[in-house]
Number of protein chains: 2
Amino acid sequence: MLRLSKLTDYAVVLLTRLEGEGVQAAPDLAAATGIAEPTVAKVLKILAGAGLVEGLRGARGGYRLSRPLAELPLSEVIAAVDGPIALTACVDSAVGLCEAENTCPVRGRWDPVNRAIRQALSGITVADLAAPRPAAPPAAPPTRPAAIAATA
Amino acid sequence: MLRLSKLTDYAVVLLTRLEGEGVQAAPDLAAATGIAEPTVAKVLKILAGAGLVEGLRGARGGYRLSRPLAELPLSEVIAAVDGPIALTACVDSAVGLCEAENTCPVRGRWDPVNRAIRQALSGITVADLAAPRPAAPPAAPPTRPAAIAATA
DNA sequence: TGCAATCCGGACCAGGACAGTACGGATTGA
DNA sequence: TCAATCCGTACTGTCCTGGTCCGGATTGCA
């Protein structure tokens, strides 16, 4: 399994929650999403550091999006939370990190793979994940109306 | 960072090592690649279980490829070693696994992302990783001849 | 027929990374 | 002046991963 950090998942959830709501404080977001408050604060701090959201201090402060979600590629979120997108530790022509460097037949060969992944992720915005299937491609229907975007 | 298990890395190395060499025993492969012998055995067992290599028992036994690498998409190797390719634990319309299921605005939305990743990986074969750039697409040159495929 | 080489299957253990928590400080608005 | 809120850092417990080991089954050769 190609694991993505849980925090990235939270980040996407929180970002979609911030959309169109103006400024929201961390505790409110925690209540709305069901994510523990300290964790929400942690994720938002990371996102603020990357410039994806703005933190407003003081009373009546909170967080707000610095860009609409439709202009925010998923790759940026992942890069902000999980670090640079790379499939393996053995990438980007790093030298001297691997003791099998000289006998390894695939040295540096992962680069095209990483490039493919990055490209795939750049084509998807956070808005695509949040939208209730505006123009869904031919795929199995969700069959789960559930309570998408319930305003707790 | 979008982590890929180290074992997958080993798997690719071992597969490229098996290419065109006929039957090879695990200890030989270990010596050739610099990977610890028990680990080599472990990886090969996994690959054999997935049908990517064949294990031949008995004296003069060993492993050999069941398919040429050029016909082996990377996605199969990853799926064999790391399990099904999926970016997050919250996928494939799994129900009841997430306590925030009802308030989560991105439920099931990761599917297109996973599909994109899968597609990107399906287009790359193991041979692409091993080959010394037979017909490289327009991309930045490696600028690192290094010691690719040194026969230790 | 016996022996050695090799794969097979499972269980086991240690290390590291990650998620989650807590605390004190700085900033802002009422 | 005070309360609300974000900011930065450090800490801890848990889970996953990588790596190791053992006994058993199978096969080829002398």
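Residue numbering restarts at 1 for every chain, and letters A, B, ... go by the order of the sequence lines.
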Whole Å only: how far is the CG atom of Leu14(A) from the P atom of dA19(C)? 14 Å
Within the structure shown, what part of the strands sits under 4.0 Å from Ala41(A) by heavy-atom distance: base, sugar-phosphate, or nothing? nothing
Please name all residues satisfying side chain to side chain contact (heavy atoms under 4.5 Å, CB included) with Ala36(A), sequence neighbours left out, ordered by chain then number. Pro38(A), Thr39(A)
Output side-chain donor-acceptor pairs under 3.5 Å for residues 71-81 of chain B, partner residues at least two apart or in another chain, one line each.
residue  : atom : partner  : partner atom : Å
Glu76(B) : OE1  : Arg67(B) : NH2          : 2.7
Glu76(B) : OE2  : Arg67(B) : NH1          : 3.4

Mind checking Leu7(A) for me? I need base, sugar-phosphate or nothing, with any heavy atom below 4.0 Å counting as a touch. sugar-phosphate
With Leu15(A) as reference, evaluate Val43(A), Leu44(A), Leu47(A) under the side-chain contact (heavy atoms from CB on, under 4.5 Å) test and give the passing residue. Leu47(A)
When rounded to whole Å, the CG to P distance for the pair Leu47(B) and dG9(C) reads 13 Å
Without decimals, in angstroms, what is the distance between Glu54(A) CD and dT28(C) C1'? 16 Å
Quickly work out the Asp28(A) CG to dC6(D) C1' distance and round it to whole Å. 14 Å
Would you mind reading off the distance between Leu44(B) atom CG and dG18(D) atom C1', rounded to a whole angstrom? 16 Å
Give Ala48(A) one of three labels, base, sugar-phosphate or nothing, depending on what nucleic acid heavy atoms sit under 4.0 Å from its own. nothing
CD1 of Ile46(B) versus P of dG19(D): gap in Å, rounded? 12 Å
Applying side chain to side chain contact (heavy atoms under 4.5 Å, CB included), name anything that partners Pro27(B), two or more places apart in sequence or on another chain. Ala25(B), Glu37(B)
Looking at every non-hydrogen atom in both residues, tell me the closest pair between Thr16(B) and Leu69(B) and how far apart they are. CA-CD1, 3.6 Å
With nearest nucleotides of DNA chain C determined for Pro27(B) and Thr8(A) from heavy-atom distances, which residue corresponds to the more 5′ nucleotide? Pro27(B)
Quick one: salt bridge (charged side-chain N to carboxylate O under 4.0 Å, His left out) partners of Arg60(B), sequence neighbours excluded? none
Have a look at Leu56(B) and say if it touches a base, only the backbone sugar-phosphate, or nothing, with a 4.0 Å heavy-atom cut-off. sugar-phosphate
If you look only at pairs with a residue in residues 41-57 of chain A, which of them pass as a side-chain hydrogen bond (donor to acceptor under 3.5 Å, both in side chains), with sequence neighbours excluded? Glu54(A)-Arg64(A)
Contact letters for nucleotides 20-30 of chain D, in which S counts primed atoms plus P, OP1 and OP2 and B counts the base, heavy atoms under 4.0 Å: S---BBBBSS-
In whole angstroms, the gap separating P of dG18(D) from NZ of Lys6(B) amounts to 8 Å
Under 4.0 Å between a side-chain N or O of Tyr10(B) and OP1 or OP2 of dG18(D)? no
